[in-house]
Amino acid sequence: MMKNTWFATIAAAGLFVLAGWHTRDMARGSVLPLPAPDTTGWTQLFDGKDLNGWKHVGPGSMEVENGLIRGHGGMGLLYWAGGKLGNCTIKVLFKMKDSNDNSGVFIRIPLEPREEWMPVHYGYEVQIDNHPETSNEDEYHITGTLYSLTKPLAKPGKPGPEWNEMDITLDGPRTIVFVNGQKVTDYTEGQPVPARKFDFEPFRGLRPNSGYIGLQNHSDNDVVYFKEVAMKPLAKK
């Protein structure tokens, strides 16, 4: 990834700029209603037919091909425009086109995205990349981690073209990620994280309990297919 000079301005302006974005975000008013849940309580955010309810920002595009979401070009983000999600589990079924490809599932994005870098720096990316070492990155950048922030508890990612299931639970300030039935991440806001190494890594700091979610189209050299994106509210405590 390349450093975005526009985003450096945001970093310098800090909360003032974010507050301005928040005002514009709230001014939009309407929020798309969630589809009805199925008999098991899961709400499908992608119907396998079109991208109704989704919006794309940044370079490239995402489209539906043979019932699957796939990216073209990048780096961009396809986000669910139906509002913020929290206190729920998000289920994502994905596979890589090649033996290994790069993408990510974004969570806890504080504001509705207008471009691709705000989610990177102010949300979390649950990484999709089984071999980060090929990009000179370490295990903090492997499938199922909060990109550059958490050390994996397991490394169960399957190579393409095998299907993977990622289950991301947002329980208040706690984020739990399972990949193919194995826990990879269990992180609570405020726990220590490594220092930032690269300009394209997220800024450190607290994230909101709820936020927008999205899918990354990384580049034409990193194609990941998504078959299902669903959410299920957590049982009330």
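Just so you know, these numbers use all the heavy atoms, side chains as well, and skip hydrogens, waters and symmetry mates.
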### Query
Which class fits the ring pair Y124 and Y187: parallel under 30°, tilted 30 to 60°, perpendicular over 60°?
perpendicular
### Task
Kindly compute the distance separating OG (S219) from CG (D101), expressed to the nearest 0.5 Å.
8.0 Å
### Query
Hey, does I213 have a side-chain heavy atom less than 4.5 Å from the side chain of I90?
yes
### Task
Answer with yes or no whether the hydrophobic clustering places M62 together with L68; edges join I, L, V, M, F, W, Y residues whose side-chain heavy atoms lie under 4.5 Å apart.
no
### Minimum heavy-atom distance G157-N180, with the two atoms named
CA-ND2, 4.2 Å
### Query
Are K91 and E228 close enough for a salt bridge, meaning some N to O gap below 4.0 Å?
yes
#### Entry: Straight-line distance of N102 CG to H141 NE2, nearest 0.5 Å
10.5 Å
### Closest non-hydrogen atom pair, D220 against G73
OD1-N, 2.6 Å
### Query
Do the side chains of R204 and S148 get nearer than 4.5 Å, heavy atoms only?
yes
### Message
Quiz question: by atom type and distance under 3.5 Å, do the side chains of T89 and T169 form a donor-acceptor pair?
### Response
yes
### Query
For the side-chain hydrogen bond (donor to acceptor under 3.5 Å, both in side chains) test, which of E201, E125, E137, Q127 pairs with Y147?
E137
### Task
Using atom types as modelled and distance alone, determine if a side-chain donor or acceptor of Q182 lies under 3.5 Å from a backbone N or O of V179.
no
### Query
With distance as the sole criterion, is a donor-acceptor pair present between the side chains of D129 and H218 under 3.5 Å?
no
### Query
Taking all atoms of both residues into account, what is the closest heavy-atom pair of C88 and M231, and its distance?
CB-CE, 3.7 Å
### Query
Between atom OG of S103 and atom OH of Y225, what is the distance when rounded to the nearest 0.5 Å?
12.5 Å
### Message
So does Y140 get a backbone contact from the side chain of T145, meaning a donor-acceptor N/O pair under 3.5 Å?
### Response
yes
### Test log, rule side chain to side chain contact (heavy atoms under 4.5 Å, CB included), inputs N209 and N87
CA-CA 8 Å; N209 285 354; N87 293 315; 5.7 Å; no
### Backbone N/O of G144 and side chain of T185: donor-acceptor pair under 3.5 Å
yes
### Task
With side chain to side chain contact (heavy atoms under 4.5 Å, CB included) as the test, would you mind laying out the steps for V229 and L45 before giving the verdict?
CA-CA 6 Å; V229 184; L45 304 183; 4.3 Å; yes
#### Entry: F46 side, atom CZ; L78 side, atom CG - distance, nearest 0.5 Å
9.5 Å
### Task
I would like to know whether M96 and D98 meet side chain to side chain contact (heavy atoms under 4.5 Å, CB included); could you show each step before the answer?
CA-CA 5 Å; M96 300 169 178; D98 304 307; 5.8 Å; no
### Query
Should V57 and Y79 count as side-chain neighbours, where that means a heavy-atom distance under 4.5 Å?
yes
### Query
Taking the six-membered ring for Trp, are H121 and F203 parallel (under 30°), tilted (30 to 60°) or perpendicular (over 60°)?
parallel
### Query
Do F226 and L51 share a hydrophobic cluster (ILVMFWY, side-chain heavy atoms under 4.5 Å, transitive)?
yes
#### Entry: D50, CG atom: more than 12 neighbouring heavy atoms under 6.0 Å
yes
### Task
Please name the pair of heavy atoms, one in P35 and one in Q44, separated by the smallest distance, quoted to 0.1 Å.
CG-O, 3.5 Å
### Task
Quick one: closest heavy-atom pair of E116 and V120, and the distance?
O-CG2, 3.5 Å
### Query
In terms of hydrophobic clusters joined by side-chain contacts under 4.5 Å, are I142 and L146 together?
no
### Task
Test E139 against K155 for salt bridge (charged side-chain N to carboxylate O under 4.0 Å, His left out), laying out the working first.
CA-CA 9 Å; E139 63 180 349; K155 301 176 182 179; 3.1 Å; yes
### Query
Just wondering, do D167 and V177 contact through their side chains at under 4.5 Å, heavy atoms?
no
### Query
Do P110 and M118 have side-chain heavy atoms sitting under 4.5 Å apart?
yes
### Task
Report yes if the side chains of D138 and E133 come closer than 4.5 Å at any heavy-atom pair, otherwise no.
no
### Query
Only one of H72, R70, H56 clears side-chain hydrogen bond (donor to acceptor under 3.5 Å, both in side chains) with E63; which?
H72
### Task
Take R108 and T175, measure what side-chain hydrogen bond (donor to acceptor under 3.5 Å, both in side chains) needs, and give me the verdict at the end.
CA-CA 10 Å; R108 300 188 187 275; T175 303; 3.0 Å; yes
### Message
Hydrophobic clusters here meaning ILVMFWY residues chained together by side-chain heavy-atom distances under 4.5 Å, can you tell me if W80 and M166 are in one?
### Response
yes
### Query
Counting N and O atoms only, with roles assigned by atom type, does the side chain of K183 sit under 3.5 Å from a partner on the main chain of I176, one being a donor and the other an acceptor?
no
### Query
Which pair of heavy atoms, one from N217 and one from L77, lies closest together, and at what distance?
OD1-N, 3.4 Å
### Query
Is K232 atom NZ crowded by more than 12 heavy atoms from other residues, nucleotides or ligands, each under 6.0 Å away?
yes
#### Entry: Steps toward side chain to side chain contact (heavy atoms under 4.5 Å, CB included) verdict (I128, V105)
CA-CA 8 Å; I128 296 175; V105 180; 4.3 Å; yes
### Query
Do the side chains of V92 and I69 join up, straight or via other hydrophobic residues, at under 4.5 Å, putting them in one cluster?
yes
### Ionic contact status for K97 with D222, cut-off 4.0 Å
no
### Task
Could you tell me whether K158 sits above the aromatic face of W163, with NZ or CZ closer than 6.0 angstrom to the six-membered ring centre and within 45 degrees of the axis?
no
